[in-house]
Protein chains: 2
Amino acid sequence: MSKSATVVALGKGERTAAKIREVALDQFSRLGFERAAMGAIAAAAEVSQATLHYHFQDKDQLWRSAMLELAAVISEEERLLSAARDASPLAQLRMAMRLFLQISWRHPALGRIVALEGMAGGERLDWLNEHLLGPRNRRLAELARRAMAAGDLKPFPPEMLVITLQAGAAGVINLAPLMRSAFGIDPDTVEGRAAHEDLILNALVQGLLADRSETTEETP
Amino acid sequence: MSKSATVVALGKGERTAAKIREVALDQFSRLGFERAAMGAIAAAAEVSQATLHYHFQDKDQLWRSAMLELAAVISEEERLLSAARDASPLAQLRMAMRLFLQISWRHPALGRIVALEGMAGGERLDWLNEHLLGPRNRRLAELARRAMAAGDLKPFPPEMLVITLQAGAAGVINLAPLMRSAFGIDPDTVEGRAAHEDLILNALVQGLLADRSETTEETP
DNA sequence: AGTTTTCCTGATTTGATACTCAAAAATCAG
DNA sequence: CTGATTTTTGAGTATCAAATCAGGAAAACT
């Protein structure tokens with residue numbers, strides 16, 4: 001046993017394992033499962049490749065372990081949302097979108113992995129759904145359904161709506177390299193993030209069309 | 001020289017090359033560049049692996065060649081859009097979205113590849129931008145800019161708007177596996193596509209909020 | 001027909017990557 | 001400090017995928 005007075009002192013093993021998970025999460029998210037090489041992860045974590053296999057049986061286990069880091073992130077959102085359970089479904093949806101944006105900017109790996117595995121399908125996607133995506137998505141879809149029932153949202157297939165909102169919101173974050181290559185713009189700046197949040201919450205949730213009844217001046 | 005009277009008769013070589021490109025496009029888009037194996041492509045195209053290297057020097061060239069197939073698709077959109085050059089920027093944007101949806105359903109490979117490479121960055125993304133993505137994106141951004149100048153759109157960074165629209169619209173298409181795994185729903189059906197087009201054009205372009213001034217009944 | 005050119009393939013080489021293992025090094029408890 | 005335990009590693013294996021090449025089949029041309 002080894003604890004310091006204030007902070008839990010991790011044993012050496014757990015410390016390197018944590019570092020490996022961190023590096024692995026980054027690489028998996030940026031490159032995808034196959035492109036991310038154990039050797040590269042080891043190098044980035046400044047350990048030998050064999051150390052990876054000491055802490056995690058194989059690449060697949062490492063991936064799963066790294067993903068479970070993200071579970072904590074998602075459960076944070078769940079906690080905040082459940083605290084506001086008495087708000088209207090639409091208000092909850094809006095809040096979920098805001099949380100989604102904040103979390104996505106803080107942990108861009110999440111969105112990239114969902115996109116990568118969500119396109120490819122397969123075992124890892126099923127695992128993701130079972131362990132950290134499915135419940136959240138179904139909860140959001142249910143919120144959308146209720147918002148529609150309340151007449152706050154136009155009636156659309158709620159599952160499509162949820163996926164579309166998330167994909168649209170994550171687009172600018174996930175496709176930052178594309179924005180750099182196509183426009184020479186880096187969206188990940190203070191102003192960029194603010195503009196993005198503004199865009200999503202206004203454009204996607206309130207509509208892209210300017211209200212033509214009150215034209216001319218105004219700077220909202 | 002070898003042409004038939006009515007149709008250009010492709011030489012044997014060009015025929016197999018075309019088949020290889022077709023198969024390769026599918027595999028690259030579904031699996032990504034690295035996961036797609038030359039052996040599997042060869043098998044699917046019913047030729048030997050060496051044949052791939054006869055027609056295309058290496059995997060990279062094959063990828064580029066397959067991508068150029070998509071250039072035709074995009075130029076079709078360009079043609080239709082330029083025919084309507086005198087419409088308002090907003091109308092053109094709307095039309096572009098509709099075209100984007102149709103084309104994306106018909107060629108799901110396009111969106112998947114843009115997403116894959118757009119997240120990863122690197123040489124292939126730069127190549128894509130230079131050869132078949134950049135001009136289109138800049139044109140759309142310019143349309144958005146003009147729609148904003150005309151007061152039809154709220155003022156947002158036009159590049160972000162374009163990316164968000166595309167990502168949101170392609171979301172349901174690209175993430176079909178996720179929708180199956182999470183919701184047990186297959187969006188790629190006749191009704192699914194219709195609902196999707198409805199969702200995007202209404203929700204993303206006209207706003208998600210129902211007009212509360214005219215509540216109660218109505219079934220639009 | 002015969003001849004030339006194009007096209008295709010089996011066998012092989014090259015390179016990279018996940019994974020193993022025995023032994024060394026670091027860590028920790030008493 | 002000392003011995004036991006945990007952690008790390010260098011070296012090595014097995015596997016799989018990309019790329020090469022020489023020889024032979026098919027097509028095109030005269």
Side-chain angles (χ1 to χ4, degrees), chain A residues 1-5 7-28 30-67 120 122-124, chain B residues 1-5 7-67 116 120 122-124:
Chain A
M1 310 290 139
S2 54
K3 294 189 177 191
S4 88
V7 181
V8 179
L10 301 169
K12 193 181 189 223
E14 192 43 50
R15 236 179 305 134
T16 60
K19 172 134 190 205
I20 290 170
R21 266 191 294 267
E22 183 190 340
V23 169
L25 184 60
D26 178 65
Q27 305 240 350
F28 279 134
R30 219 194 310 282
L31 306 171
F33 183 81
E34 0 280 325
R35 232 194 286 218
M38 296 294 270
I41 294 173
E46 293 171 309
V47 293
S48 85
Q49 198 169 341
T51 302
L52 266 56
H53 285 96
Y54 171 75
H55 289 282
F56 312 92
Q57 293 92 313
D58 56 20
K59 195 178 178 183
D60 220 72
Q61 288 298 319
L62 173 56
W63 185 87
R64 281 169 162 74
S65 184
M67 287 315 116
E123 273 187 27
R124 283 193 299 277
Chain B
M1 317 279 144
S2 56
K3 295 188 177 191
S4 87
V7 181
V8 179
L10 299 169
K12 190 179 190 225
E14 192 44 50
R15 238 179 304 133
T16 59
K19 172 134 190 202
I20 291 171
R21 266 192 294 267
E22 183 191 338
V23 169
L25 183 61
D26 178 66
Q27 305 241 350
F28 279 134
S29 77
R30 218 194 311 281
L31 306 172
F33 183 81
E34 358 281 323
R35 234 195 285 217
M38 297 293 270
I41 295 173
E46 292 170 312
V47 293
S48 85
Q49 197 168 341
T51 302
L52 266 56
H53 288 280
Y54 171 74
H55 288 283
F56 313 92
Q57 294 92 312
D58 57 18
K59 195 178 178 183
D60 220 73
Q61 289 298 320
L62 172 56
W63 184 87
R64 282 168 162 73
S65 185
M67 289 314 115
L116 280 167
E123 274 186 26
R124 283 194 299 277

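Keep in mind the model is a prediction, meaning the values are calculated, not measured. We name chains A, B, ... by the order of the sequence lines, and we start the count at 1 in each one.
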Rounded to whole Å, the CZ-C1' distance (A/Arg35 to D/dA17) equals 16 Å
Closest contact, heavy atoms only, B/Ala120 versus A/Arg35: CB-NH2, 3.8 Å
Using a cut-off of strictly less than 4.0 Å, decide whether A/Thr51 has a side-chain nitrogen or oxygen near OP1 or OP2 of D/dT9. yes
Would you mind reading off the distance between B/Gln61 atom CD and D/dA18 atom C1', rounded to a whole angstrom? 14 Å
Nearest heavy-atom approach of A/Ala45 to A/Lys19 is O-CE, 4.0 Å
Is there a side-chain polar atom (N or O) of A/Tyr54 under 4.0 Å from OP1 or OP2 of D/dT7? yes
By side-chain hydrogen bond (donor to acceptor under 3.5 Å, both in side chains) - contacts of A/His53 (at least two apart): none
Rounded at 0.5 Å granularity, tell me how far CD1 in B/Ile20 sits from CG in B/Leu25. 13.5 Å
For a 4.5 angstrom cut-off between non-hydrogen side-chain atoms, does A/Phe56 reach A/Met38? no
Counting primed atoms plus P, OP1 and OP2 as sugar-phosphate and everything else as base, spell out the protein contacts along nucleotides 17-24 of chain C at 4.0 Å heavy-atom distance: B, S or - for each nucleotide, 5' to 3'. -BBBB---
Quick one: pull up CG in A/Leu52 and CD in A/Gln57 and give me the separation to the nearest 0.5 Å. 12.0 Å
Minimal non-hydrogen separation, A/Arg21 against A/Ala66, with atom names: O-CB, 3.9 Å
Which atom pair, heavy atoms only, marks the closest approach of B/Ala44 to B/Val23? CB-CG1, 3.4 Å
Report yes if a side-chain nitrogen or oxygen of A/Thr16 is closer than 4.0 Å to either non-bridging phosphate oxygen (OP1 or OP2) of D/dT7; otherwise report no. no
Give each protein N/O atom lying under 3.5 Å from an N/O atom of nucleotides 22-27 of chain D, with the pair distance.
none

Measure the spacing between CZ of A/Arg64 and CD of A/Gln61 and express it to the nearest 0.5 Å. 6.0 Å
So B/Phe33 and B/Trp63, would you call those rings parallel, tilted or perpendicular, with 30° and 60° as cut-offs? perpendicular
Spatial distance of atom CG (B/Leu116) from atom CG (B/Leu31) [nearest 0.5 Å]: 9.5 Å
A/Arg15 CZ to C/dA26 P: how many Å, rounded? 14 Å
Who are the side-chain hydrogen bond (donor to acceptor under 3.5 Å, both in side chains) partners of B/Arg124, not counting sequence neighbours? B/Glu34, B/Glu117
Bend angle of the helix from C/dA1-D/dT30 to C/dG30-D/dC1, end axes from five pairs each (to 10°): 20°
Does B/Lys59 use its side chain to pair, donor to acceptor, with the backbone of B/Ala36 at less than 3.5 Å? yes
Looking at DNA chain D, which of residues 23-32 of chain B put a heavy atom within less than 4.0 Å of it? none
